[in-house]
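The structure under discussion appears below in the form of structure tokens.
Atom set for the values below is all heavy atoms of this structure, side chains included, hydrogens, waters and symmetry mates excluded. Residue numbers begin at 1 in each chain, while the letters A, B, ... track the order of the sequences.
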2 protein chains.
Amino acid sequence: MSSHVEENYLKAIYKLTERNKDGAYTNDIAYELNIKPATVTEAIKKLGEKGLIHYEKYKAVTLTELGKQIAIKTIRKHRLWEVFLVEKLGFKWDEIHPMAEELEHIGFEELTERLAQFLGNPEFDPHGDPIPDRDGNFAKTKSIKLTGVSLNGTAVMTGIENHTTSFLQHLDKIGIKLGISITVKEIVDFDKSMLISVNGEKEVYLSQEIASNILCK
Amino acid sequence: MSSHVEENYLKAIYKLTERNKDGAYTNDIAYELNIKPATVTEAIKKLGEKGLIHYEKYKAVTLTELGKQIAIKTIRKHRLWEVFLVEKLGFKWDEIHPMAEELEHIGFEELTERLAQFLGNPEFDPHGDPIPDRDGNFAKTKSIKLTGVSLNGTAVMTGIENHTTSFLQHLDKIGIKLGISITVKEIVDFDKSMLISVNGEKEVYLSQEIASNILCK
DNA sequence: TTTAATTTTTAGGTTTGCCTAAAAATATTT
DNA sequence: AAATATTTTTAGGCAAACCTAAAAATTAAA
């Protein structure tokens, strides 16, 4: 199995296991990777034999220590390249994912570490997601959803829970970006949408769906 | 055929056609790509059908305009990344080839162009090879081999004809790098090796083999 | 607790990009 | 121009990574 494909499976399993403690299900992995479940069954059997995941028929899979290391390294590479694309090449945060998705598979330890150094060993990527260090440790961040901020409370925007282009572009349009301060001016009783002010200026309504995908501290 | 594989074939054919005007032979392509001739036959048939090369059974192949464009774009990407690796990440010129060999296949036009801009639109890579511009035009360079410099003549080192690690490391050791000035102090009658002085200082003997792989102007 | 629905796996196929061995074509010698 | 050598192609195979359709196992519902 090519390391490119392998890394994608491990990354998907890592992501799903974050959400679902007992592991990643065949169907979910397939959905995540845009392939069919039958293909996933084949693949996870092999990953099991390679010692990268714990595989038992009909059960959710989990990563072994080795598999987890590889997944985290891939995430590290992905997020470092995202920083590069934004900080050095001037891309916007909604443009970088597909490029990072390819760059993350370039596998030279020395390249990754020099890139990190060149970027000033950043701890967060342009979406506010933590970048694991070379040993695989993530900076601890205890953020809350914007929906958890009480009326008249103020919070600093630190991240997002949804990474789709449309969501990112919408945040751009209303002026929400990392580090900005958000004050909750009103919570509409009817649908729990909220009126917020961005950096004490612009006021906009956010649906609960949007607010619940914005992370703050 | 994956663009990764396709680009490698086109690059190999481009390189071979540079050397051998009538085109690239099956055997040579196979040697260049470290695969077997039978595999090449299969591949070039497909590349022919795709309109990327001119293919006729038992004949050397040449690139079509389209095939040439893709080859040159790949070379552009390769050399830009090499500049990045040396100028920004501090790698040495003998370390970068394998990394650039992977980075070159990342195919986002916008990424390439922003990278080029970030690097200051360099015209030459760390080995002195010209970087084609976005339209595929190479800076014209009329360099000569160091073996063509006459006794007591001085020339500026501008490139190399051999890109092996061992050659690059040897040049490093004796202090030869791009831009350095070389004076021919002596040409040994017996084997045509030459005594040179590097930047008017250090004197070393170079075999004819080495001298013929050093380009100057 | 039996039936129904869902999920996972198996079985059998396809394409891609590689391989070896042998046949066919081309090129080189004698 | 024959014979020999070299090069290229054909033929048949293999593993990876995907697929569909059907069978088996598990989970949920009646």
Side-chain angles (χ1 to χ4, degrees), chain A residues 1-13 15-17 19-63 67 70-71 74 101-102 104-105 107, chain B residues 1-13 15-17 19-63 67 70-71 74 101-102 104-105 107:
Chain A
M1 184 176 278
S2 85
S3 73
H4 185 105
V5 171
E6 192 170 287
E7 286 174 349
N8 281 340
Y9 276 99
L10 296 175
K11 220 171 38 136
I13 294 166
K15 188 175 170 183
L16 291 166
T17 309
R19 285 213 280 273
N20 206 320
K21 287 219 152 191
D22 32 310
Y25 292 97
T26 303
N27 265 357
D28 298 334
I29 297 170
Y31 180 79
E32 198 68 32
L33 297 177
N34 256 289
I35 54 179
K36 297 288 175 266
T39 306
V40 172
T41 301
E42 263 187 70
I44 58 182
K45 238 188 284 183
K46 283 184 202 154
L47 292 172
E49 283 159 17
K50 273 198 176 184
L52 299 172
I53 64 173
H54 300 289
Y55 173 65
E56 279 180 89
K57 263 190 186 178
Y58 298 103
K59 286 195 179 159
V61 302
T62 53
L63 296 172
I70 296 173
T74 307
E101 208 65 14
E102 296 203 15
E104 74 186 3
H105 299 297
Chain B
M1 184 175 277
S2 85
S3 72
H4 185 105
V5 172
E6 191 170 287
E7 286 174 350
N8 281 339
Y9 275 99
L10 296 175
K11 220 172 36 136
I13 294 166
K15 188 174 170 185
L16 290 166
T17 310
R19 284 213 281 273
N20 206 320
K21 288 217 151 190
D22 33 309
Y25 293 96
T26 303
N27 265 355
D28 297 335
I29 298 170
Y31 180 80
E32 199 69 33
L33 297 176
N34 256 291
I35 54 179
K36 296 289 176 266
T39 306
V40 172
T41 299
E42 265 186 69
I44 60 183
K45 239 189 284 185
K46 285 184 199 151
L47 292 172
E49 283 159 16
K50 274 198 175 182
L52 299 172
I53 64 174
H54 300 288
Y55 173 65
E56 280 180 89
K57 263 190 187 178
Y58 298 104
K59 285 194 181 162
V61 302
T62 54
L63 296 172
I70 296 173
T74 309
E101 207 65 15
E102 297 202 16
E104 74 185 4
H105 298 298

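- Taking both residues in full, the closest heavy atoms of Y55(B) and G48(B) are given as CB-CA, 4.2 Å, listed atom of the first, atom of the second, then distance.
- In this model, the phosphate group of dA17(D) is approached by a side-chain N or O of S2(A) to a distance below 4.0 Å at OP1 or OP2.
- One atom, CD1 of I29(A), and another, P of dA17(D), lie 15 Å apart when rounded to the nearest Å.
- Here the closest heavy-atom approach between residue P37(A) and residue T26(A) is recorded as O-CG2, 3.6 Å.
- Under 4.0 angstrom from either OP1 or OP2 of dC18(D) there lies at least one side-chain N or O belonging to Y9(A).
- Summarising the geometry, the separation between CD on E7(A) and P on dA17(D) is reported as 12 Å, rounded to the nearest angstrom.
- What separates OH of Y31(A) from P of dT6(C) is a distance of 17 Å, to the nearest Å.
- In this structure the side chain of L10(A) reaches within 4.5 angstrom of the side chain of I53(A), judged on heavy atoms.
- Between the P atom of dC18(C) and the CG atom of N8(B) lies a distance of 9 Å, rounded to the nearest Å.
- Looking at heavy atoms from C-beta onward, I70(B) lies in side-chain contact with L52(B) at the 4.5 angstrom threshold.
- Whole-Å rounding puts the E6(A) CD to dA17(D) P distance at 9 Å.
- Shown here for I35(A) and T39(A), the closest heavy-atom pair between the two residues is CD1-CG2, 4.2 Å.
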For nucleotides 6-11 of chain D, 5' to 3', base contacts (B), sugar-phosphate-only contacts (S) and non-contacts (-) with protein non-hydrogen atoms under 4.0 Å give -SSBB-

Evaluate the criterion side-chain contact (heavy atoms from CB on, under 4.5 Å) for residue pair N20(A) and Y25(A); output intermediate values, then yes/no.
CA-CA 9 Å; N20(A) 206 320; Y25(A) 292 97; 4.1 Å; yes

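- The CG atom of L33(B) sits 13 Å away from the P atom of dG17(C) (whole-angstrom rounding).
- Between M1(B) atom CE and dT16(C) atom P the separation is 9 Å, expressed in whole Å.
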